[in-house]
> 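Take this structure, written in structure tokens, and hold onto it; I'll ask about it next.
By convention in this document, chain letters (A, B, ...) are assigned in the order of the sequence lines, proteins followed by strands, and residues within each chain are numbered from 1. Excluded from the calculations below are hydrogen atoms, water molecules and symmetry mates; all remaining heavy atoms, backbone and side chain alike, are included.
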Amino acid sequence: MSDFWIIVKKELKDLLRDKGLIFGIIVVPLLIYPALGQMMQIGFQQAQEETKIVLVNFDEGDYGSLLIKTLEAAPNVTVTTIEALNLDEALKKAQEEDYNMIVVISKDFSKAIESNQKAQVEIYGIVKGISGGMRESVSEGRVNAVLTVINDYLAKLKIQQSIEGNPDAILRPIDAKSYTVIKGRIVPVPPSLVANIITSQSISMPLVIFVMIIIVAQMSAGSMAMEKENKTLETLLTLPVKRITIVAGKMIGTATIGIIAAVAYMIGMRNYLGSMMSSSGEIGISLEDLGLIATPQGAILFVIIMFLAITFALSFAMLLAVFAEDTKSANTIVSAGIMPMVFPTFILMFADIETLPLAIKYILLALPFSHPILASRAMLMGQYSSMYVSVLYLGILSTVTLLITARFFTTEKLLTAKLRFRRKR
Amino acid sequence: MSAVKVEALEKDYGKVKALKGISFEIKEGEIFGLIGPNGAGKSTTLKILATLLTPTGGRAEVFGHDVVKDGDEVRKLISYLPEEAGAYKNLKGIEYLQFMAKLYAKTGKSYEEMLEVGVKLSGLESRLNDKVSTYSKGMTRKLLLARALMVEPKLAILDEPASGLDIINAYSIRQTIKQFAKEKGITFLVSSHNMLEVEFLCDRVALINEGVIVETGTPKELKEKYEAENLEEVFMSIVGGQQKVGVFG
Ligand SMILES: Nc1ncnc2c1ncn2[C@@H]1O[C@H](COP(=O)(O)OP(=O)(O)O)[C@@H](O)[C@H]1O
Ligand SMILES: [Mg+2]
């Protein structure tokens with residue numbers, strides 16, 4: 001086995017046996033996020049419970065009964081019709097017996113419809129605190145849905161009685177069909193929907209990259225700082241191993257764990273989002289359906305860009321860790337050093353880089369972590385030339401950083417820098 | 001060829017002058033002691049020879065290799081035990097020795113031989129299968145000493161090897177060092193602030209005080225020269241007059 005793999009193996013063993021670390025970066029995201037999701041789910045389920053309606057009918061005609069029958073037929077709705085002389089009485093009854101909706105059909109309801117006037121229905125939702133109104137809004141939605149159906153039905157009926165022709169066409173004379181053109185292909189999906197899908201994608205990608213970069217950077221700096229804290233660094237640096245091998249071994253070791261952690265985080269996050277999505281109804285269209293598929297060339301370029309960005313994050317974090325005396329200060333220094341490079345890229349969540357002012361555009365392009373985000377889009381849109389530029393830029397940047405870091409490892413800075421740092425404060 | 005050659009070595013930490021131009025030579029197979037009070041510059045000298053620090057002035061060679069220019073070559077010949085050191089907490093004692101043996105295996109003896117020697121030297125027996133985080137300070141020190149010696153370097157640089165050990169363990173360490181020097185021809189550079197301990201152990205010593213080497217020779221020579229009972233008295237008669245003794249002085 002080469003020195004490199006011996007060091008990687010030791011790094012993995014040392015990290016994987018750290019219960020606190022494993023718990024924090026792998027178990028927590030895998031368990032906590034789904035648990036959070038479950039909690040949201042329970043909230044939704046409660047909201048989906050039966051809508052219990054107290055119905056007070058002051059109308060004596062047929063249309064009042066039609067509304068009642070339709071409500072009764074609606075799913076998840078139970079209707080209790082009560083005899084009440086006024087609203088107060090109905091309210092009292094509803095509150096006593098855990099109803100969450102009151103529907104009041106006004107006196108001349110049928111008469112108004114028959115004489116082509118507007119008829120009145122009043123809907124009261126009873127909010128009982130804790131649930132935050134979610135249940136009431138669901139219930140109101142159900143009643144409104146029933147009313148829309150009846151409205152439609154009655155309108156068509158009236159049209160049929162008075163005019164010739166297709167009542168639907170008269171009610172809604174214009175029928176709009178929306179298509180979207182992507183990469184020169186026509187897709188029968190409204191642009192608003194496509195925009196939604198692309199937006200959700202363009203928000204989740206930066207988040208994923210952000211999480212990955214931060215975890216990986218913190219871990220590699222932490223493992224360096226740990227060597228200082230546990231006083232193993234001096235011994236390590238006198239072993240018959242090239243310094244660049246030590247740096248590289250550490251980077252690969254921590255990157256492996258960092259990426260496992262990032263994947264755990266993403267799986268956890270996905271389950272969390274997933275359990276929210278499923279209850280709020282999915283759009284049911286994927287990027288593939290829209291023809292936004294990465295070709296092998298695009299995918300390979302993206303992986304290279306991702307790899308280079310992580311390499312940069314790792315070596316930069318190790319460089320910062322040179323100045324840390326223990327794991328705590330390593331965390332602080334890395335956050336202070338990496339965050340400013342990551343946060344600006346969040347602009348890309350909401351904006352297209354080409355539409356930004358020139359100065360901002362170039363600042364973003366100078367930041368290494370913009371490139372994976374841009375690449376994730378360029379890959380789907382098949383814009384490979386910009387990806388090659390990213391590969392070139394990140395390649396140079398991470399090589400230079402790596403060399404500087406390795407250079408620091410061959411000097412005594414690693415052992416004495418913390419003292420300089422302390423003095424400066 | 002001498003194992004170690006130090007010429008006019010200087011080291012500044014910012015304004016602190018830790019070494020003010022020291023020179024000494026160690027012959028191959030010798031046990032050489034660098035002795036002096038706390039803050040004299042012993043650890044600094046050893047760290048420079050172990051390629052951890054860069055001297056501000058002068059030069060140092062290990063078996064003819066410059067410690068600054070040929071760091072990689074020097075590291076293949078030495079094994080360094082820091083004054084304050086730990087082992088990887090989440091590894092078991094045996095895994096720590098295995099890790100080290102693998103890295104040194106190409107420089108001389110085989111992996112299995114090293115490991116066997118290391119296990120024996122540590123004296124930790126079944127505790128080697130426990131994580132280092134469960135060890136006492138003394139146990140960790142023994143593990144680190146075992147790893148420093150098991151690799152059988154050409155030059156072993158040990159900074160206060162017996163620090164934190166009880167007299168029984170300190171004694172057995174001294175015996176091991178003597179045995180390794182005699183049987184395996186390993187050269188030792190040992191630092192200590194305990195002059196008596198060094199007297200038993202070392203073939204030759206250098207007395208260092210405030211970054212200056214004030215005397216070099218065999219313990220016997222020095223005792224005769226200064227008509228002293230032991231090295232402690234030698235040291236006091238050399239620096240006694242001028243010594244600032246801190247709060248006591
Ligand atoms: N990293 C450092 N930064 C600043 N001064 C230091 C550093 N290390 C040691 N010194 C100073 O250098 C001098 C020699 O220290 P050292 O070599 O550790 O002495 P010894 O090992 O003989 O006790 C002391 O005055 C000490 O305070
Ligand atoms: Mg010391």
> Can you tell me which portion of B/E73 sits under 4.5 Å from chain A's heavy atoms? Options are side chain, backbone, both or neither.
neither

> Using non-hydrogen atoms and a limit below 4.5 Å, what part of residues 6-16 of chain A faces chain B?
A/I6, A/I7, A/K9, A/K10, A/K13, A/D14

> Between A/E412 and B/T54 (side chain of the first, backbone of the second, donor and acceptor by atom type, cut-off under 3.5 Å), is there such a pair?
yes

> Are more than 12 heavy atoms from other residues, nucleotides or ligands located less than 6.0 Å from atom CD of B/E116?
no

> If you measure from CG on B/L144 to OG1 on A/T235, what distance do you get to the nearest 0.5 Å?
6.5 Å

> Decide side chain to side chain contact (heavy atoms under 4.5 Å, CB included) for B/K76 and A/V241; before the verdict, give the C-alpha distance in whole Å, the side-chain angles of both, and the deciding distance to 0.1 Å.
CA-CA 8 Å; B/K76 283 181 195 156; A/V241 180; over 6 Å; no

> So how far is it from B/I157 CD1 to A/T238 OG1, rounded to the nearest 0.5 Å?
8.0 Å

> Do B/K89 and A/R17 come within less than 4.5 Å of each other through their side chains, counting heavy atoms only?
no

> Could you report the tightest heavy-atom contact between A/T232 and B/G86, atom names first, then the distance?
CG2-O, 3.3 Å

> Checking A/E227 against chain B: side chain, backbone, both or neither under 4.5 Å from a heavy atom?
side chain

> Let's test your reading of the structure: which of B/I78, B/L53, B/L52 forms the most heavy-atom pairs below 4.5 Å with chain A?
B/L52

> Only pairs at least two apart or in different chains count here, so list each side-chain hydrogen bond (donor to acceptor under 3.5 Å, both in side chains) that has a residue in residues 311-323 of chain A.
none

> Quick test of your reading: applying side-chain hydrogen bond (donor to acceptor under 3.5 Å, both in side chains), list the pairs with at least one residue in residues 330-340 of chain A, sequence neighbours left out, ordered by first then second residue.
A/Q218-A/S335

> Taking CD in B/Q179 as the centre, count heavy atoms belonging to other residues, nucleotides or ligands within less than 6.0 Å. Is the count above 12?
yes

> Any idea which heavy atoms bring A/L239 and B/R147 closest together, and the distance?
CD2-NH1, 4.0 Å

> Is it true that, when you exclude B/K131 itself, more than 12 heavy atoms of the residues, nucleotides or ligands shown sit nearer than 6.0 Å to its NZ?
yes

> State whether the number of non-hydrogen atoms from other residues, nucleotides or ligands found under 6.0 Å of A/F4 atom CZ is greater than 12.
yes

> I need the A/N230 CG to B/N90 CG distance, nearest 0.5 Å.
8.5 Å

> What closest approach, in Å, do B/P82 and A/E234 show between heavy atoms, and which atom pair accounts for it?
CB-OE1, 3.3 Å

> Are more than 12 heavy atoms, taken from residues, nucleotides or ligands other than B/K184, located less than 6.0 Å from that residue's NZ atom?
yes

> Flag the one option from B/F99, B/Y96, B/Y80 with the top tally of heavy-atom pairs under 4.5 Å to chain A.
B/F99

> Can you check whether anything in residues 60-70 of chain B gets within less than 4.5 Å of chain A, heavy-atom wise, and list it by number?
none

> Just verifying a value: how many Å separate A/K231 NZ and B/T140 OG1, rounded to the nearest 0.5 Å?
13.0 Å

> Could you tell me the separation between the CG atom of B/D72 and the CD1 atom of A/I244, rounded to the nearest 0.5 Å?
11.0 Å

> Chain A heavy atoms under 4.5 Å from B/A87: which part of the residue, side chain, backbone, both or neither?
backbone

